[in-house]
Amino acid sequence: MPYRRTPAVQARLDAQRAAVVDAARGLLAEQGYAGCTMAAVAARAGIATGSVYRHFPGKAELAVELFRTVVRREVAAVTEAAADPAHRTAAGRVVAVIETFALRALTSPRLAYALLAEPVDPAVDAERLVFRRAFRDVFAAHVAEGVRDGELPPQDPALTASALVGAGAEALVGPLADGVVGPDTVPALVTFTLRALGVPDADHA
C-alpha cells in the first residue's frame, strides 16, 4: 500500500514549507534574489538545507513560489486600498492603487526592486508578466467603471491600465535602485496617472 501521510505529519510539513517561504521573503527584502540561497533560507528558517529541498527541488522553484506569494500580498493591498469607501470616484480608486503600490515599494525598496527589475532566473521573469497582468486587471476594472459612468473619457481600459503599470514600474525602478527618493516622486506619479486617465485639471486634483 502506498504511504499516506497522517494529518499531523501533513500539518507539520505545511508549516515547515510556510516557514521556508517566510524565511526566503525576509532574505529577499534584505539581500534580493542573490541572498536567497537554499543554505541561507534553511539557516533563516532554522532547518537543515536538505529539508528545504523536500519542498522545492531548487532555488528557481523556491524563487517562483516566493514571487507569487509576495505578489499576492501586493495585489491584495492595492485592491483593499481601492475598496476604501473614501474613494468615491473611479479616478480616486485608480490613484489609490498607484499610490499604495508606490508607497509600499518605497517603504521596502530592496523587495520592490527584486519584484520589478532584479535579474532573475527565466522562470521568475515569466512570473513578472503574471504580476503585471494582475495589476493591469485591477487598474482596468476601475478605468472601465469610470468610462461606463461617464466620469472618464472614452478609452481602452486594458490599454490604459497596461500603460499605467509600465509607467509606474519604470518611474520607481531608478529611485529604488539608487536608494534616493525625492519627496515629489509619488505626487508626480499621481498627477501623471490622472493626466493619463484624462481627468480635467489633473494638476489640481
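Since the structure is predicted, the reported quantities are computational estimates derived from the model, not experimental observations. Because only heavy atoms are used, hydrogens play no part in the values below, and waters and symmetry mates are left out as well, while side chains stay in.
- Smallest separation of non-hydrogen atoms from V75 and A134: CG2-CB, 3.9 Å.
- When the side chains of ILVMFWY residues are joined at heavy-atom separations under 4.5 Å, either directly or via intervening members, L103 and V70 end up in a single hydrophobic cluster.
- Note that CG of L115 is 11.0 Å distant from CZ of R132, once rounded to the nearest 0.5 Å.
- Counting only residues at least two apart or on different chains, no salt bridge (Lys or Arg N to Asp or Glu O under 4.0 Å) pair has a member in residues 155-170.
- Summarising the geometry, atom CG belonging to L111 is positioned 13.0 Å from atom CD belonging to Q31; distances are rounded to the nearest 0.5 Å.
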| said: Would L129 and R133 count as a side-chain contact (heavy atoms from CB on, under 4.5 Å) here? Give the steps. | reply: CA-CA 6 Å; L129 294 177; R133 288 171 188 149; 4.3 Å; yes
Below 3.5 Å, can you tabulate the donor-acceptor pairs from side chains in residues 52-66 to any protein atom, sequence neighbours excluded?
residue, atom, partner, partner atom, Å
H55, NE2, Q16, OE1, 2.8
K59, NZ, Y33, O, 2.8
E61, OE1, G58, N, 3.1

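- Heavy-atom minimum distance, P154 versus V147: CA-CG1, 4.2 Å.
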| field | Intermediate values then yes/no, ring pair (Phe, Tyr, Trp, His ring centres under 6.0 Å), F135 and F139 | value | CA-CA 6 Å; F135 275 89; F139 277 126; 7.2 Å; no
| query | Taking it one step at a time, do E145 and R93 satisfy side-chain contact (heavy atoms from CB on, under 4.5 Å)? | reply | CA-CA 10 Å; E145 179 185 13; R93 288 185 279 277; 3.1 Å; yes
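- Taken to the nearest 0.5 Å, the CG atom of D149 stands 10.5 Å off from the OG1 atom of T89.
- In E80, the CD atom is not crowded: 12 or fewer heavy atoms of neighbouring residues, nucleotides or ligands sit closer than 6.0 Å.
- Atoms CD and CZ, from E74 and R72 in turn, are 12.5 Å apart once rounded to the nearest 0.5 Å.
- Residues A45 and A19 come closest through the heavy atom pair CB-O, 4.0 Å.
- T100 approaches A77 most closely through the heavy-atom pair CG2-O, 4.1 Å.
- Judged by distance alone, with hydrogens and angles left aside, the side-chain atoms of T191 form a donor-acceptor pair with the main-chain N or O of P187 at under 3.5 Å.
- Taking the side chain as every heavy atom from C-beta outward, D125 and D121 never approach each other to under 4.5 Å.
- Contact check for F131 versus L116: side-chain heavy atoms found under the 4.5 Å cut-off.
- Considering every non-hydrogen atom in both G35 and L27, the closest pair reads O-CD1, 3.8 Å.
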| said: Before you tell me yes or no, could you show the steps for V71 and R68 under side-chain contact (heavy atoms from CB on, under 4.5 Å), namely the whole-Å CA-CA distance, both residues' side-chain angles and the distance that decides it to 0.1 Å? | reply: CA-CA 5 Å; V71 166; R68 290 173 178 169; 5.9 Å; no
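- Counting heavy atoms from C-beta on, the side chains of T160 and L164 come closer than 4.5 Å.
- Without hydrogens or angle criteria, E127 side chain to F67 main chain gives no donor-acceptor distance under 3.5 Å.
- At least one donor-acceptor pair closer than 3.5 Å links the side chain of Q155 to the backbone N or O of L197.
- Once rounded to the nearest 0.5 Å, the distance linking CG of L189 with CD1 of I98 reads 4.5 Å.
- Considering R44, R25, R110 in turn, R44 is the only one that fulfils the salt bridge (charged side-chain N to carboxylate O under 4.0 Å, His left out) rule with E30.
- When all heavy atoms of A96 and H87 are compared, the pair lying nearest together is CB-NE2, 3.4 Å.
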